[in-house]
Amino acid sequence: MSVATQSTAVRTGRAGRALIVTVLIFFALFYLLPLGVMVINSLKPLPEITGGNMMALPQEPTLEPWRSAWSTAQIGVQATGLKPYFLNSILMVVPAVAISTMLGALNGYVLTKWRFPGHRWVFGLLLFSCFIPFQIVLIPMARLLGLMGLAGSLPGLILVHVVYGIGFSTLYFRNYYAAFPTELVRAAMIDGAGFFRIFWRIMLPVSGPIAVVCIIWQFTNIWNDFLFGVSFAGLDAMPMTVALNNLVQSSTGVREYNVHFAAAILAALPTLIVYIVAGRYFVRGLMAGSVKG
C-alpha cells in the first residue's frame, strides 16, 4: 500500500470516528435533556417556573424545593416529605435483593451441579415465571398475603419481590454456573465436601460477576416498582415511588412544580448512583457466563 493510500485511509478513519463521536454526543445530550430540565427547575423558586420559561437557568437559585421534597412536602395526612418513604424503600430493597440473589444462586447451583430427574422442567417453569405479567399475580398474591397476615406490611412487599425475582436470579446463576467446570465440584465431593460446603467455598467465591448483574437488575426493578407498592403496601409501608405519585397527583393547594422535580430526582437518585458506580460490571457479568470453556 502506498504512502498516499495509507494517508487517505487514516484521514477517512479519523473522519468516521469524529462522525460517530458527534452522533453519540448528540444523542447523549438529547437523552439527558429531560434530566437537565428537571435539575434546572428544581433549583428555581416557583414564580420563575410559572412565569413560563422552563428552559432558562435559575435567576435566584435555591435549595428550598429539595428541602421541602425531602422533609416537609405534603404526602398523605402529614407533611413528612419523602424521607420516611425513602427509608421504607431501603428497608424493602436490601433484604429483597439479598434473599432473591441468594436463592437464585442456590437454584442455579442445584440445577447445574446437583441435577435430579425433572430438573429441566423445574428450570423451564422458573424461566416461564419471568414472562408472567405483574397484573396476573395481583389477586392471587393479595389473597396469599391476607392468609399469611402480611397484607399492607413491609415484609409482605419483600415477599412479593423475592417471589417475583427468583425466576430472573435463577436464570442468571444457572447460565453462569453451567460454564463452571463440574470436575472441580466432583473433586470436592471425593474429598468429602458436602452440598453447602461446596457452595460456600467453591461456587460463591467465583460468582462475583454474575452476582453484580443480579443485584443491579433486582435493585433497579424493585426500587422503581410502582404496581406492587400501590397494590400491597399500607400507609406506613409505602415505597418511594408510591409516595412520589401521591405528591405529584395531589389536587389540593398550589402545584409546586419545583418540589415535584426535586422529588422525582430524589426518587431516581439511588438507581442512577448504582448504574454510575457499577454499570460497567453489568455487561461484564453477563458476558462472563456466555461462553463455556
Side-chain angles (χ1 to χ4, degrees), residues 69-71 73 75-107 126 129-130 132-173 211-249 262-279 282:
W70 179 250
S71 58
I75 301 176
V77 179
Q78 298 179 347
T80 59
L82 291 177
K83 182 178 179 180
Y85 307 104
F86 181 87
L87 297 177
N88 284 345
S89 290
I90 293 293
L91 294 175
M92 173 187 68
V93 168
V94 172
V97 171
I99 295 172
S100 60
T101 301
M102 185 58 64
L103 290 177
L106 280 170
N107 289 343
L126 287 171
S129 69
C130 298
I132 298 178
F134 284 11
Q135 294 81 356
I136 292 180
V137 303
L138 290 181
I139 295 179
M141 189 63 72
R143 176 62 175 165
L144 179 62
L145 292 178
L147 293 175
M148 298 176 65
L150 298 176
S153 67
L154 207 55
L157 268 181
I158 294 172
L159 177 62
V160 170
H161 287 295
V162 168
V163 170
Y164 204 86
I166 286 178
F168 291 99
S169 59
T170 300
L171 172 64
Y172 293 144
F173 279 96
V212 171
V213 171
C214 188
I215 290 172
I216 292 176
W217 176 268
Q218 285 293 91
F219 181 90
T220 304
N221 283 346
I222 297 174
W223 185 274
N224 291 334
D225 171 70
F226 174 78
L227 183 60
F228 286 159
V230 76
S231 300
F232 302 130
L235 294 177
D236 296 330
M238 283 195 305
M240 200 166 185
T241 50
V242 179
L244 175 63
N245 177 75
N246 293 345
L247 171 64
V248 174
Q249 297 296 330
I265 296 173
L266 286 172
L269 199 58
T271 52
L272 289 174
I273 293 175
V274 167
Y275 271 101
I276 290 173
V277 173
F282 188 81

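Residue numbers start at 1 and run along the sequence shown. Hydrogens, waters and symmetry mates play no part in the numbers below; they use all other heavy atoms, side chains included. Source: prediction; values computed, not measured.
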Engineer: Any chance you could lay out the side-chain contact (heavy atoms from CB on, under 4.5 Å) test for Met240 and Leu266, step after step, and finish with the verdict?
Structural biologist: CA-CA 9 Å; Met240 200 166 185; Leu266 286 172; 4.0 Å; yes

Engineer: Ignoring hydrogens and geometry, is there a side-chain-to-backbone donor-acceptor pair from Ser153 to Leu150 under 3.5 Å?
Structural biologist: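 Present.
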
Engineer: Tell me, do Met238 and Val230 make a side-chain contact under 4.5 Å, heavy atoms counted?
Structural biologist: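 They are not in contact (no side-chain heavy atoms under 4.5 Å apart), so the answer is no.
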
Engineer: How far does CG of Leu87 sit from CE of Met92, to the nearest 0.5 angstrom?
Structural biologist: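 One finds 12.0 Å between CG of Leu87 and CE of Met92.
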
Engineer: Under the side-chain contact (heavy atoms from CB on, under 4.5 Å) rule, what do Gln218 and Ser100 come out as? Steps first, then yes or no, please.
Structural biologist: CA-CA 8 Å; Gln218 285 293 91; Ser100 60; 3.0 Å; yes

Engineer: If the test is ring pair (Phe, Tyr, Trp, His ring centres under 6.0 Å), which one of Phe86, Phe228, Tyr275, Tyr85 qualifies with Trp223?
Structural biologist: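 With Trp223 as partner, Phe86, Phe228, Tyr275, Tyr85 yield a single ring pair (Phe, Tyr, Trp, His ring centres under 6.0 Å), made by Phe86.
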
Engineer: Would you mind reporting whether Phe226 and Asn245 have side-chain heavy atoms less than 4.5 Å apart?
Structural biologist: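 The answer is yes, as the side chains (C-beta and beyond) meet within the 4.5 Å cut-off.
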
Engineer: If you compare all heavy atoms of Ala233 against all heavy atoms of Pro239, which two are closest, and at what distance to 0.1 Å?
Structural biologist: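 The answer is CB-CD, 4.0 Å.
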
Engineer: What is the distance from atom CZ of Phe232 to atom CG of Leu145, rounded to the nearest 0.5 Å?
Structural biologist: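 It is 6.0 Å, given to the nearest 0.5 Å.
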
Engineer: Are Leu138 and Leu227 close enough that some pair of their side-chain heavy atoms sits under 4.5 Å apart?
Structural biologist: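 In contact.
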
Engineer: Taking side chain as C-beta onward, heavy atoms only, is Cys214 less than 4.5 Å from Phe168?
Structural biologist: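 A side-chain contact under 4.5 Å is absent here.
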
Engineer: Could you tell me whether the side chain of Val163 reaches within less than 4.5 Å of the side chain of Met141, counting heavy atoms only?
Structural biologist: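 With C-beta onward as the side chain, the pair touches.
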
Engineer: Is Ile75 close to Leu82 at the side-chain level, that is, under 4.5 Å between some pair of heavy atoms?
Structural biologist: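 Heavy-atom side-chain distance check passes, below 4.5 Å.
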
Engineer: Under 3.5 Å, is there a donor-acceptor pair between the side chain of Thr101 and the main chain of Ala98?
Structural biologist: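 Not a single qualifying donor-acceptor pair exists.
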
Engineer: Would you name the heavy atoms of Ala69 and Ala73 that are closest together and state the gap between them?
Structural biologist: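 For Ala69 and Ala73, the tightest heavy-atom pair comes out as CA-CB, 4.2 Å.
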
Engineer: Once you round to the nearest 0.5 Å, how far does OG1 of Thr271 lie from CD1 of Ile216?
Structural biologist: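 Rounded to the nearest 0.5 Å, the OG1-CD1 separation comes out at 11.5 Å.
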
Engineer: If you count heavy atoms of other groups shown closer than 6.0 angstrom to CG of Leu147, is the number above 12?
Structural biologist: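 Buried by this count: over 12 neighbours within 6.0 Å.
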
Engineer: CG/Leu171 to CG/Asn107 distance, rounded to the nearest 0.5 angstrom?
Structural biologist: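 One gets 11.5 Å once the value is rounded to the nearest 0.5 Å.
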
Engineer: Is any side-chain heavy atom of Pro270 closer than 4.5 Å to a side-chain heavy atom of Ile273?
Structural biologist: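 No, every pair of side-chain atoms sits at 4.5 Å or beyond.
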
Engineer: Please report the interatomic distance CG(Asn88) to CG(Leu157), rounded to the nearest 0.5 Å.
Structural biologist: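 Answer rounded to 0.5 Å: 9.0 Å.
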
Engineer: If only atom types and distance count, is the side chain of Asn224 paired as donor or acceptor with the main-chain N or O of Thr220 below 3.5 Å?
Structural biologist: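 Answer holds: yes.
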
Engineer: To the nearest 0.5 Å, what is the distance between CG on Leu144 and CG on Leu159?
Structural biologist: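 Nearest 0.5 Å value for the CG-CG distance: 6.5 Å.
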
Engineer: Do you know the tightest heavy-atom contact between Gly167 and Ser129?
Structural biologist: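 Scanning both residues completely, I find the closest heavy atoms to be CA-OG, 3.6 Å.
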
Engineer: With heavy-atom distances below 4.5 Å as the criterion, would you say the side chains of Asp225 and Phe134 are in contact?
Structural biologist: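 Touching, per the 4.5 Å side-chain cut-off.
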
Engineer: So which atom in Leu247 and which in Ala263 form the shortest heavy-atom distance, rounded to 0.1 Å?
Structural biologist: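 Heavy-atom minimum between the residues: CD2-CB, 3.5 Å.
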
